[in-house]
Amino acid sequence: MAIRVYFLSLLLFVAGCASWSTDPALEALPAASHPEDAKLLPKSAADPIEPLNRGFFAVDTVLFNYALGPAWSGYNKVVPEKARKGIKHFTTNLGYPIRLTANILQGEWSNAGKETKRFLINTTVGVLGFSDPATDKYKIVLPEEDLGQALGRWGWDESTYLHLPVLGASSPRDVIGLAGGIYINPSSWVYGAGAALKFNSKSFDAKTTRRLLDTEFDPYALNKLYYSRTRAIEIANAKPLMVGEDTPQTQTLMADFFRPQNEDFGDDAEQINVQPKGFRKPLPASVWMQGGPAPVAFIIPGLGGHRLGARIMALAELAYLEGYHVVCFSNNLNWEFIQAAPAGYLPGYLDDDLKYLRQVHAAISSKIGDRAAGTSAVMGFSMGGWYTLNLAATAPPNAYSHALAINPPLDLNKGLDVLDGLLRQPAKLQDLEAIKESALIKLLMFLQSPPKDGSVLPFSDNEASYVIGLTYRFTLAQTIMASLEIKPSAIAHEKVGALGWRDYYSKIVAPALAKRNIQEDALIESGNLRVREASLATKTHLKVVLTGNDFLLTKEDLAWFRERFPGERTIFTETGGHMGQLWKPEIRDAMRAAIRFKKANPTAE
């Protein structure tokens, strides 16, 4: 007993010491031009023992990487999905006493009745709950309730964040609720049954967990935020505002449906690592290789995008289906690229960005070696499309056989200002908090069960603007923290999150360039594609994908592109906002046709 008390005291002491330590990089961070932006960011639960929680999260990461992850992967391969779903339905049905009790304790009599109907239908018609006819046939939706929510409704609505090994994100309130539920959950009455059923249920989350750990700069913070907002919404029984508008911003949300048509396409990628001269460590790249020699297509993600993002893999799939070896590495502003790049690298100055892109392309081409045949192609969307145009414009003649820029901005500086403006759009409205909450509810509902039919919950223009602006603000925070080597913490996220894109360029990148005798005017000029006009005109292999209502383009910007990429050099749609049209089959087909090359020995696809 004394040893356990000593060990716990030691952990708390270490946590306390870690929380008291200061981060010089964070202390040197410039002040935000719009400190009020901090109020626009969603709040996580209070985390006074953050260092200890992060330690437990690190333990869980190791467990997932070396034990649970491989175990779930093997389990998913051996046990058919239909069988796993049946067991999951059975587990859910078995939890009826907990949900019924939670509903009764909250006075949710209607939900208690629905819960009982569901239990009776699924236990009988659904054969002990191994199927869910209550949902599939009778459309009785499961009211998600637990004892932790009941405690929250009784007044314990604010609870300290707690991450427990294996159990994951939680709080003292939810731990007590979980402990109470053990006594009324039938699965706990048989030794090992609860753990086995939980293992099966969690097998459906293994890919999501893997992606979180692989793609996020600070997966702990995102996991905490997701838990905090989800629990707050569940306890309040909050409902979204069912107001829908058809605007460029709401159309942009449809970009989430641009995903690989083959759900296993991402799993088919190989990972290679290259370390060009001057890079601090190897940079990972995802590669899809054809069976024989083929040209290489380099895919450039959008602003701060990771190589494993759904949209970038959808673009990679199109190139692969056209017969290319496909290569994708993370965007220059993504933490993975920054941490591998030369020391002191601050992404955003085009000359540096292009230099390192070319070095990586050369290193990958060298690694692929004789398996590459013909001239390479390059394609990217959003900022990746902007990089594509700049690469093609500054490359030697015939460096690329095809180049496709999808929804690129014309002036990067103005485009980034627009992203800051989207976040701030609802800031002065009286119902700001209602808009934020409604937008987050819809976003969480989408993340939990993304629709597959091209339909989304109705978003208002303010909600959609907030979600888009917030997404890119999170991207900026990762860029700044990775570039300046700021240690992730709640305090760091709060301070860095208040900085806008204009702050990053004017207060972080520009002063660093000044030390190299590069003036801010040069930084601003490099962000404008108009300076490449003459060279772009000579690159007839260049094609662009545009929409008539992309909020990153003014009417003059759009006219500039249409004049310089006439006829078949532009794939154009009137609507779609920013990339919201890419999921449509006719746009997919048009993009494939734009990068199609003549094969020496054409074969059926």
Is the shortest side-chain heavy-atom distance between [X] and [Y] below 4.5 Å?
X	Y	value
Pro284	Phe337	no
Phe257	Leu582	no
Leu29	Lys495	yes
Leu26	Leu484	no

Would you say [X]'s side chain and [Y]'s backbone share a donor-acceptor pair under 3.5 angstrom?
X	Y	value
Gln478	Asn334	no
Lys224	Ser44	no
Asn331	Gly305	no
Lys436	Tyr466	no
Ser171	Ser159	no
Asp503	Gly500	yes
Asp174	Ser170	no
His34	Glu36	no
Glu494	Ile491	no
Thr388	Gly380	yes

With the threshold set at 4.0 Å, does a side-chain nitrogen-carboxylate oxygen contact exist between [X] and [Y]?
X	Y	answer
Arg424	Asp37	yes
Arg54	Asp218	yes
Asp557	Lys414	no
Asp146	Arg231	yes

- Message: Could you walk me through whether Arg516 and Asp352 satisfy the salt bridge (Lys or Arg N to Asp or Glu O under 4.0 Å) test, starting with their C-alpha distance in whole Å, then the side-chain angles of each, then the deciding distance to 0.1 Å, before giving a yes or no?
- Response: CA-CA 12 Å; Arg516 296 163 52 186; Asp352 289 344; 2.8 Å; yes
If you take all heavy atoms of [X] and [Y], which pair is closest and at what distance?
X	Y	answer
Asp353	Pro347	OD1-CA, 3.6 Å
Ser483	Tyr504	OG-OH, 4.3 Å
Phe459	Ala464	CD2-N, 4.1 Å
Pro408	Leu553	O-CD2, 3.6 Å
Asn390	Trp386	ND2-O, 2.9 Å
Leu222	Leu212	CD2-CD1, 3.7 Å

- Identify the residue among Tyr161, Phe64, Tyr220 that makes a ring-ring contact (aromatic ring centres under 6.0 Å, His included) with Phe57.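 Among Tyr161, Phe64, Tyr220, the one meeting ring-ring contact (aromatic ring centres under 6.0 Å, His included) with Phe57 is Tyr220.
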Once rounded to the nearest 0.5 Å, what's the spacing between atom [atom1] of [X] and atom [atom2] of [Y]?
X	Y	atom1	atom2	result
Glu433	Ser438	CD	OG	12.5 Å
Asn332	Ile338	CG	CD1	8.5 Å
Asp60	Leu164	CG	CG	9.0 Å
Arg307	Ser330	CZ	OG	5.5 Å
Ile299	Arg311	CD1	CZ	15.0 Å
Ile480	Leu333	CD1	CG	10.0 Å

- Task: Go through Leu315 and Ile406 one step at a time and tell me if the side-chain contact (heavy atoms from CB on, under 4.5 Å) criterion holds.
- Result: CA-CA 10 Å; Leu315 197 57; Ile406 303 167; 3.6 Å; yes
- Item | Side-chain donor-acceptor pair present, Asn223, Glu216, cut-off under 3.5 Å |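 Asn223 vs Glu216: no donor-acceptor pair found between side chains.
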- Task: Decide if the gap between the ring center of His163 and the ring center of Phe56 is smaller than 6.0 angstrom.
- Result: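 Here the rings of Phe56 and His163 have centres that are no less than 6.0 Å from each other.
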- Yes or no on side-chain contact (heavy atoms from CB on, under 4.5 Å) for Leu513 and Val509, after CA distance, side-chain angles and deciding distance? CA-CA 6 Å; Leu513 291 177; Val509 177; 3.8 Å; yes
- Query: Can you check side-chain hydrogen bond (donor to acceptor under 3.5 Å, both in side chains) on Asn413 and Asn528, steps first, answer last?
  - Reply: CA-CA 8 Å; Asn413 307 288; Asn528 195 331; over 6 Å; no
- Message: Given Ser465, which partner from the list Leu422, Thr250, Ile435, Leu470 fulfils the side chain to side chain contact (heavy atoms under 4.5 Å, CB included) test?
- Response: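 Considering Leu422, Thr250, Ile435, Leu470, a side chain to side chain contact (heavy atoms under 4.5 Å, CB included) with Ser465 is found only for Leu422.
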- side chain to side chain contact (heavy atoms under 4.5 Å, CB included), paired with Arg173, selected from Thr160, Ile235, Leu162: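 When side chain to side chain contact (heavy atoms under 4.5 Å, CB included) is applied between Arg173 and each of Thr160, Ile235, Leu162, only Ile235 qualifies.
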Surrounding [atom1] of [X] (heavy atoms of other residues, nucleotides or ligands, distance under 6.0 Å), is the total greater than 12?
X	atom1	value
Gln271	CD	yes
Lys39	NZ	no
Lys507	NZ	yes
Gln275	CD	yes

- Task: Applying ring pair (Phe, Tyr, Trp, His ring centres under 6.0 Å), run through Trp501 and Tyr472 and close with a yes or a no.
- Result: CA-CA 9 Å; Trp501 285 100; Tyr472 285 109; 7.4 Å; no
- May I have the step-by-step check of ring pair (Phe, Tyr, Trp, His ring centres under 6.0 Å) for Phe381 and Phe258, ending in yes or no? CA-CA 12 Å; Phe381 57 77; Phe258 185 51; 7.2 Å; no
- side-chain contact (heavy atoms from CB on, under 4.5 Å) evaluation trace for Leu308 with Ser286: CA-CA 8 Å; Leu308 299 178; Ser286 297; 3.6 Å; yes
Name the atoms and distances for all side-chain donor-acceptor pairs under 3.5 Å in residues 355-366, with sequence neighbours left out.
unit_1 : atom_1 : unit_2 : atom_2 : d
Arg358 : NH2    : Thr394 : OG1    : 2.2
Ser365 : OG     : His361 : O      : 2.9

- Task: With side-chain hydrogen bond (donor to acceptor under 3.5 Å, both in side chains) as the test, would you mind laying out the steps for Asn237 and Gln149 before giving the verdict?
- Result: CA-CA 10 Å; Asn237 282 335; Gln149 286 177 247; 4.7 Å; no
- Message: Evaluate Asp417 against Tyr505 for side-chain hydrogen bond (donor to acceptor under 3.5 Å, both in side chains), listing each step before the verdict.
- Response: CA-CA 11 Å; Asp417 285 339; Tyr505 272 83; over 6 Å; no
- Message: Could you walk me through whether Glu485 and Arg280 satisfy the salt bridge (Lys or Arg N to Asp or Glu O under 4.0 Å) test, starting with their C-alpha distance in whole Å, then the side-chain angles of each, then the deciding distance to 0.1 Å, before giving a yes or no?
- Response: CA-CA 13 Å; Glu485 299 184 0; Arg280 286 173 288 178; 3.1 Å; yes
